[in-house]
Chemist: 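I'd like to ask you about the structure that follows.
Numbers restart at 1 for each chain; the letters A, B, ... are given by sequence-line order, proteins then strands. The shown structure was predicted, so the numbers you read here are calculated from the model rather than taken from an experiment.
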Amino acid sequence: MLGRRITEVILRRDNLRFPFPDEFASRITGRSVDSIRRRAKYLLLNLDDGRIILSHLGMSGRYTLFDSEKVKQFETTKNEVSRFGSATGFEGRHDHVEFRFDDGSVAVYTDPRRFGIMDLIEVGEEQIHPLLESLGPEPFGDWSAKQLAKKLQNKTTNIKVALLDQRVVVGVGNIYACEALHRSGIHPQRQSKTLVRKDGKPTKKLQRLHENVVQVLEQAVEVGGSSLNDFADVNGTLGYFGHHFQAYDREDQPCLQANCGGTIERITQSGRSTFLCPRCQR
DNA sequence: CAAAGTTCCTGCGAGC
DNA sequence: TGCTCGCAGGAACTTT
């Protein structure tokens with residue numbers, strides 16, 4: 001999408017999780033995409049008029065890109081079966097938005113559950129956007145164990161729930177919270193503040209957790225994300241991180257930590273599944 | 001029945 | 001007593 005001019009936007013419904021902003025299509029038609037950034041799990045597409053398309057994939061959203069060749073093919077054959085899985089070319093049941101570009105390519109936003117978000121940020125309003133304003137630090141930025149300790153020092157909340165709190169650190173979802181805690185040997189139900197020393201400095205375990213959060217996310221990105229069902233990149237390539245799970249979705253299977261010999265358990269915390277090894281996670 | 005995300009609401013208890 | 005805050009849990013959104 002980068003560097004291309006939007007020639008047409010087709011909305012197949014009036015909302016995802018929230019209604020599309022007023023005149024969304026007309027306000028972005030004719031604009032070109034100057035740069036693309038990410039903040040937490042939000043995508044930000046900077047347009048040439050200073051406005052920003054804000055997008056979130058929710059649980060099941062995906063963008064699929066079709067080059068002009070592919071687009072021509074679809075338009076001539078009306079072929080609805082493609083190698084893109086649920087993004088069945090154009091007009092699949094869950095293809096909600098189509099961005100058409102000046103070079104003939106098309107980006108399709110597909111989202112069966114419609115937990116995703118699409119909004120248009122007006123010039124200068126990025127800092128005050130309600131979805132962005134209370135986000136915590138980026139794990140790949142200058143985030144430190146010290147910073148994490150500060151956020152957790154008075155928290156009685158379970159550490160797993162704290163990791164999922166986007167005010168503590170952004171980008172850690174349910175899978176990666178489970179994996180990072182498992183690698184760190186920390187019990188998910190442990191009170192957050194017990195990982196911080198009285199003087200406010202991180203304990204050894206919290207330092208490990210900080211390192212492992214970054215490591216888990218880096219590895220997941222490297223192999224293209226987690227395909228629990230069908231996470232795919234813009235070319236339809238499936239993510240591979242699922243093959244690297246050591247705890248998540250492994251209930252009743254042996255713990256893979258060296259010399260542990262424990263068995264992975266599944267519990268529920270705040271309505272979310274947590275997988276842990278009660279033997280090596282304390 | 002459970003699911004990868006996020007926000008909002010309610011009810012409860014602690015502390016001032 | 002009343003107020004605020006933090007926290008836990010649940011609901012909501014929807015389809016597979």
Chemist: How does DNA chain C read in dot-bracket, base by base from 5' to 3', with Watson-Crick or G-U pairs under 3.5 Å and | used when the partner is on another strand?
Modeler: .||||||||||||.||
Chemist: Hey, does A:Gly271 reach any base, or is it just sugar-phosphate, or nothing, if we go heavy atoms under 4.0 Å?
Modeler: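 Nothing: the residue A:Gly271, judged by heavy atoms under 4.0 Å, touches no strand.
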Chemist: So which protein nitrogen or oxygen atoms get under 3.5 Å of nucleotides 14-16 of chain B's nitrogens or oxygens?
Modeler:
none

Chemist: Go through it in stages, so that I can follow the logic: the residues are A:Ile264 and A:Leu276, the test is side chain to side chain contact (heavy atoms under 4.5 Å, CB included), and I'd like the CA-CA distance, side-chain angles, deciding distance and then a yes or no.
Modeler: CA-CA 5 Å; A:Ile264 302 294; A:Leu276 71 140; over 6 Å; no
Chemist: I need the CZ-P distance between A:Phe245 and B:dA3, as an integer number of Å.
Modeler: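 So the two atoms are 13 Å apart, to the nearest Å.
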Chemist: Step through the shown structure and confirm whether more than 12 heavy atoms of other residues, nucleotides or ligands are within 6.0 Å of CD on A:Glu23.
Modeler: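 Incorrect, the count does not exceed 12.
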Chemist: Going by distance alone, is a donor N or O of one side chain under 3.5 Å from an acceptor N or O of the other, for A:Asn158 and A:Arg190?
Modeler: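 Distance-only check fails for A:Asn158 and A:Arg190.
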Chemist: Less than 3.5 Å apart, any donor N or O on the side chain of A:Asn15 or A:Arg13 sitting next to an acceptor on the other?
Modeler: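 Distance-only check passes for A:Asn15 and A:Arg13.
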Chemist: Suppose we screen for side chain to side chain contact (heavy atoms under 4.5 Å, CB included). Which residues come up paired with A:Arg282, at least two apart in sequence or across chains?
Modeler: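 A:Arg282 satisfies side chain to side chain contact (heavy atoms under 4.5 Å, CB included) with A:Lys205 only.
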Chemist: Which of residues 188-196 of chain A have a heavy atom under 4.0 Å from DNA chain B?
Modeler: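 Heavy-atom contacts with DNA chain B come from no residue of residues 188-196 of chain A; none.
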Chemist: Donor-acceptor pair, distance only, cut-off 3.5 Å: does the side chain of A:Glu126 make one with the backbone of A:Ile121?
Modeler: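 No: the side chain of A:Glu126 does not pair with the backbone of A:Ile121.
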Chemist: Can you tabulate the close N/O pairs, meaning under 3.5 Å, that link protein atoms to atoms of nucleotides 5-8 of chain C?
Modeler:
from, atom 1, to, atom 2, distance (Å)
C:dC7, OP1, A:Thr156, N, 2.9
C:dC7, O5', A:Thr157, OG1, 3.4

Chemist: Verify whether one side chain among A:Gln191 and A:Thr156 offers a donor that lies under 3.5 Å from an acceptor in the other.
Modeler: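 Distance-only check fails for A:Gln191 and A:Thr156.
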Chemist: Could you tell me the separation between the CD1 atom of A:Ile267 and the P atom of C:dG9, rounded to a whole number of Å?
Modeler: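 Atom-to-atom, A:Ile267 to C:dG9, this comes out as 10 Å.
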Chemist: Give a yes or no answer on whether the side chain of A:Arg250 reaches the backbone of A:Gln246 with a donor-acceptor pair at less than 3.5 Å.
Modeler: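 Yes; at least one donor-acceptor contact below 3.5 Å.
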Chemist: Considering residues at least two apart in sequence or located in another chain, which fulfil the ring-ring contact (aromatic ring centres under 6.0 Å, His included) criterion with A:Phe275?
Modeler: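 For A:Phe275, the residues satisfying ring-ring contact (aromatic ring centres under 6.0 Å, His included) (neighbours in sequence not counted) are A:Tyr248.
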Chemist: Base, backbone or nothing for each nucleotide of nucleotides 6-13 of chain B, written B, S, -, heavy atoms under 4.0 angstrom, 5' to 3'?
Modeler: BS------
Chemist: A:Arg4: what forms a salt bridge (charged side-chain N to carboxylate O under 4.0 Å, His left out) with it, not counting sequence neighbours?
Modeler: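 Listed in chain order: A:Asp103.
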Chemist: Under the 3.5 angstrom rule, does the side chain of A:Ser55 hit a backbone N or O of A:Leu43 as a donor-acceptor pair?
Modeler: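 Side chain of A:Ser55 to backbone of A:Leu43, a donor-acceptor pair under 3.5 Å: no, none is there.
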Chemist: For A:Asp22, does the CG atom sit with more than 12 other heavy atoms under 6.0 Å from it, leaving out its own atoms?
Modeler: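 Check fails, neighbour count at 12 or below.
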Chemist: Checking A:Asp102 now: which residues fulfil side-chain hydrogen bond (donor to acceptor under 3.5 Å, both in side chains) with it, not counting sequence neighbours?
Modeler: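 Counting only residues at least two positions away or on another chain, A:Asp102 forms no side-chain hydrogen bond (donor to acceptor under 3.5 Å, both in side chains).
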Chemist: Rounded to whole Å, how long is the line connecting atom CG of A:Leu163 with atom C1' of B:dG5?
Modeler: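 For the pair A:Leu163 CG and B:dG5 C1', the rounded distance is 15 Å.
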Chemist: For A:Ala247, does its backbone N or O pair with a side-chain atom of A:Glu179 as donor and acceptor, under 3.5 Å?
Modeler: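 Yes; judged by distance alone, with no hydrogens or angles, the pair exists.
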Chemist: Mind checking ring-ring contact (aromatic ring centres under 6.0 Å, His included) for A:Phe115 and listing every partner two or more places apart, or none if nothing turns up?
Modeler: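 Per chain and number, A:Phe115 pairs via ring-ring contact (aromatic ring centres under 6.0 Å, His included) with no residue.
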Chemist: Could you list all N or O pairs between the protein and nucleotides 14-16 of chain C that sit under 3.5 Å apart?
Modeler:
from, atom 1, to, atom 2, distance (Å)
C:dT14, O4', A:Arg113, O, 3.4
C:dT14, O3', A:Arg114, NH1, 3.4
C:dT14, O2, A:Arg113, NE, 3.1
C:dT15, OP1, A:Arg114, NH1, 3.4
C:dT15, O3', A:His94, NE2, 3.2
C:dT16, OP1, A:His94, NE2, 2.5
C:dT16, OP2, A:Arg93, NH2, 2.9

Chemist: Just checking, is any N or O donor in the side chain of A:Ser105 or A:Asp67 under 3.5 Å from an acceptor N or O on the other one?
Modeler: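 No donor-acceptor contact under 3.5 Å links the two side chains.
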Chemist: Distance between the P atoms of C:dG10 and B:dC1, in whole angstroms?
Modeler: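 To the nearest whole Å, 15 Å.
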Chemist: If we ignore angles and hydrogens, is there a donor and acceptor under 3.5 Å between the side chains of A:Ser273 and A:Arg266?
Modeler: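 A pair is found: one side chain offers a donor N or O, the other an acceptor, under 3.5 Å apart.
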Chemist: Which pairs count as ring-ring contact (aromatic ring centres under 6.0 Å, His included) when at least one residue sits in residues 16-47 of chain A, sequence neighbours excluded?
Modeler: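 Passing the test, one end in residues 16-47 of chain A: A:Phe20-A:Phe24, A:Tyr42-A:His56.
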